[in-house]
Amino acid sequence: MNSVSVLIVDDSEEDRYLLNRQLKDTGLVQTIIEKEDGQQALIFFKEHEKNRKLYPGAFPPLLVFLDINMPFLNGYDFLKEFEPLRKEIQAESSIVLMFTSSEKNTEENDAMAYDFVKDYLVKGQFSSEQLRSRILELD
Amino acid sequence: MSLLADAIHSTASAIIVIDVNGSVVDANESAYQMFGYSKDQLFGESVNKLIPLALHQQHQQHIETFFTDKPPTTIMGKGRVLEGVHKNGISFHIDIRISSFDRDGTTYGVANIIDLREEHAMSRLLAATQEIAKIGSWRVDLDTNTAIWSEMVYRIHEVDTGTRISVEDGLNFYVEEHRPVITKLLNKCIEEREPWDIELKILTSSGKERWVHAIGKPVVNNDGQVVGLEGTFRDIHEDKLNRLEKENALFKLKRTEHLSKMGHWQWTLAPEKIEWSEGLFELWEIDSKTTPPSLKDHNKYIHPEDQERFFTTLDNSVLKSEPYTVDFRIETPSGTKHIHAEGTPQFSDDGTVTGFFGTAQDITDSRASFLRTELLNTRLTLALDAAKTGVWELDLISDALSWDDRMFALYGIRKEDFGGAYDAWANGLHPEDRAKSEKEIEDAISGKSAFNTRFRVVWPDGAIRHIRALAQVISDRNGFATNMVGINWDITDEIEQDEQLRASNERYALMTQGSSVGIWDWPDVSEDYEYWSPKFYELLGYQNDELQSSLENFGNLLHPDDSERTFAAVDAHLSENTPFDLEYRLRTKSGEYRWFKGTGQASRDESGKPVRMVGSIQDVNERVISASNLAKLNEELIQFSYRTSHDLRAPLTTSKRLAEFIALDIKENNLEEASANAGKIARQMARLEELVGDMLDLARADLRTENDELINFEELENQVKERLSWMIEESKCTIDFDVTLNDEIVGEKARYSQIIENLVSNGIKYRNTKNECMFVKVELSDDNENVFINIEDNGVGIPANSQSEIFTMFKRFHPTIGSGSGLGLSIVKKHIDILSGTVEILSSDQGTKISIVIPKTVR
């Protein structure tokens, strides 16, 4: 599992940078794609034909790190749209990991209700090592 | 003389010869003896000497007539009894036959006189007998149509004896109604030889009514022909009247006994005999032709329960020879009768009991009415007792007032202290009511008005009681008021209750008026009608009765969204008795819906079935609205604290991690990366600074710490431009201020300043770089009431789908363009709200125009 492709969806440039760097530290990731909000991420999946060519072997990304608080289309709204879409575009291999600074249980529960959401990570509370084990635990 | 001459002298008849002058010229021996005269005393004397003086004149005329007519032998007076007078003056009855003869040219009269004294004595006896028996005899000669009456018959008819009477005359004496009866009997006797015997009434010649007993039979000759009638005639008047009176008395007794349902009996001891009156037979319902039952037979008739008493009473009476009185029942074919019997022994002169006499009367009806009266009396007493009603009676003639015991209780007087006079009542009256009540009594007595009044009485202990009085005047047959009967009862409690009820009603009215609660009353839950209190109407903005109070109209006023749950709550309360207490909206007259708190409670009958429901409404609109505002505010606060904590922490977390990387980069001598990351930290810190600044502004916006001051908008413009100078320079935007104010504006300068600065900064931040000339225009103007702030730009505008969230905190519509805190417009809105202003935003991709209206502050 050292050739994982990752999509980071977060409006904060700094947070994307930090996660990007931590993911690289895990040594498990080969490709990292970044999107600034849910809207852009959705478009990225919708344009699956183009992106399969653009990112050979990396599309659909295996892991999607999804922030909740984002303009235009927040994390929840993205999940709602993505649920049917991933079947439609044969992206069912993609799993989502919530990546947020919110520690609210309600938010966690709402997100985890989707079977393709596998984890809920709070920003700044894990090291690269811990991130590595969490990814490995996903099997 | 001759043999004849001697014969004449020896005959018993007296023969007297007279001349035409009526002088006696010759007489025989019998004549001298008959009249008591000698030959010398009689010769040459008038024959009148032998006639009673009263008849002399009449007799003289007869003689003259006789010598003129010279009739053959004639019976004087046609056989009538004449009277002669003896020398001694005693008159006596004689019979005379006279004849005449001529000798030597002279006419002489000869009278042949028979002394009737013998015959007369017999006749006297008969007359006396007739006199005593008041019986007369009569005879009718049909040939001559002549009636021959005896002296008594004449007397009975009060007709002079000897008056000639024809058959018709005789019949005419009978009273008119009896005349046909006797005529018929007479004819029947003549035709059929049938005798008669009858009692009839005649009218005497003087007009007196007499009852007579007439008996008649035919007189038949040798050839068997009816030639006459004869019979007796008797005055029975007194007898008849006595008999009639007796019959009448007996008849009356019978009627009396019948009508009074009475009877009497007579028990004679020796020989023993029991006699019953018809009335008694009728009472016992036994045939009156049968023998009356004996005392012993009475066990057949007397009611078994009464027999012992009956027989004991009667035995005692017989034993002690005392009168008795006993009531008992008898069984008759028509049913049981209540009998009241009284009896008394009868005594002979020597004091021995000869028998008993008694009466019996049917008292079944009177007993029933007596029992009824008793029952009514008992009921009346009970009713009067229960109602504590006193009865009084005033004798208007003697002014005497009588009270029953209950009256004394009503007036708080002891019976023994009461004089019984009208004055006692008047003295008990409350002084203020005395004149009025006395006048009412007078009016009642005079018939002017009915006595139906109330007054107060003062008890001896000073307590005042209210009395209700009704009375009726009783008048005699002439309409003169004689008595007044009335009743009194105490209505003090009633009046006090009325007073309490009135006070309670008043309290209720004041309460409902004064409180903010509207009352409704649904008196019959099966009907539509409801009562709504004046406050109820007022709460809905209606006048009383402007809208009919009904369940249907209540339903019409209910907000459609509240209707279903409200009626469900009513149903649940009625059927399950769940509390009816909820809030719903009602449409007021102006059309606005307001929130009301509704409560209600049903009352139920014995079976638990709801009958009536009463409830209230209370205007809770402000509370509900502010509660909902509060909820919104609360939600906002939660959001705010969450977002602030999130937005405050996020840059810190990020910066911490970046700092770690910088340390790592420096260690690895990757200085370029370290430098970039330091820049990132700086940006994070700048954002944090801005956020904290905005949060302070927002918090400050809620505080009304600043005083109103005269705002110098020129100065304000310069300050805004100064603060935004680095932004303006970088953006190359034109910022125009156009201030045209009629009045000086007074207010909190900082709020105006922040509103304008925030909006201008937004206009710059979200400028459209594709435009050659980018601008933000600020216009300030006013009228009498308001200040108008218009801020217009030709920037990118706010996406149409986000315009409803414009003022929501932490909303950023263009994250790629600006990196604000998302609080800017929230701060603007807060200031406008606090200044009681309004804001409108028109936005498209051509730009945004924000129009703000703020009422002027009156200094």
Side-chain angles (χ1 to χ4, degrees), chain A residues 8-27 34-43 65-78 81 98-108 110-111 120-131, chain B residues 635 638-639 641-665 668 670 673-688 691 766 796 798-802 805 808-822:
Chain A
I8 300 170
V9 187
D10 196 328
D11 58 333
S12 165
E13 183 197 338
E14 291 76 17
D15 288 349
R16 290 201 301 272
Y17 168 79
L18 289 175
L19 182 59
N20 192 318
R21 199 163 157 172
Q22 280 189 301
L23 285 170
K24 282 176 182 161
D25 284 351
T26 61
E34 293 182 17
K35 295 295 167 192
E36 291 176 19
D37 57 54
Q39 190 80 46
Q40 287 187 19
L42 206 58
I43 290 165
F65 285 86
L66 182 67
D67 187 16
I68 293 175
N69 249 305
M70 291 180 292
F72 304 121
L73 192 68
N74 66 27
Y76 296 122
D77 294 338
F78 170 81
E81 300 272 334
M98 302 312 289
F99 177 63
T100 174
S101 44
S102 171
E103 290 178 76
K104 275 194 197 168
N105 287 335
T106 50
E107 298 202 335
E108 184 176 345
D110 288 349
Y120 191 91
L121 305 171
V122 179
K123 290 177 182 174
Q125 298 205 345
F126 52 89
S127 63
S128 301
E129 279 308 304
Q130 286 166 326
L131 180 63
Chain B
E635 181 56 32
I638 291 165
Q639 276 294 321
S641 60
Y642 167 67
R643 289 306 305 247
T644 36
S645 62
H646 171 267
D647 285 19
L648 284 171
R649 197 169 80 178
L652 293 174
T653 311
T654 308
S655 299
K656 186 185 91 183
R657 188 54 47 91
L658 282 168
E660 286 167 11
F661 281 129
I662 288 168
L664 199 65
D665 289 339
E668 289 171 1
N670 196 348
E673 187 77 12
S675 170
N677 283 346
K680 284 190 176 95
I681 290 175
R683 281 205 296 281
Q684 289 292 318
M685 291 302 117
R687 186 189 288 177
L688 197 57
L691 176 65
Y766 302 109
V796 293
I798 301 160
N801 61 352
S802 301
E805 294 179 302
T808 309
M809 286 185 288
F810 304 107
K811 283 290 171 191
R812 282 172 291 146
F813 306 111
H814 298 285
T816 46
I817 299 171
S819 56
S821 65

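Here is the naming used below: chain letters follow the sequence lines, and residue numbers restart at 1 for every chain.
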When heavy-atom pairs shorter than 4.5 Å are enumerated against chain A, which of Thr653(B), Leu652(B), Ile681(B) gives the highest number? Thr653(B)

Contact origin within Gln684(B) toward chain A - heavy atom pairs under 4.5 Å: side chain

What I'd like to find out is whether the side chain of Gln22(A) reaches to under 4.5 Å of the side chain of Arg657(B), using heavy atoms alone. yes

Considering only heavy atoms from C-beta outward, does the side chain of Leu658(B) approach that of Tyr17(A) to under 4.5 Å? yes

For Glu13(A) and Lys680(B), run side-chain contact (heavy atoms from CB on, under 4.5 Å): C-alpha distance rounded to whole Å, both residues' side-chain angles, the deciding distance at 0.1 Å, then the answer. CA-CA 9 Å; Glu13(A) 183 197 338; Lys680(B) 284 190 176 95; 4.2 Å; yes

Report the distance from atom CZ of Arg21(A) to atom CG of Asn677(B), rounding to the nearest 0.5 Å. 6.0 Å

Can you measure from OG (Ser127(A)) to CD (Glu660(B)) and round to the nearest 0.5 angstrom? 9.5 Å

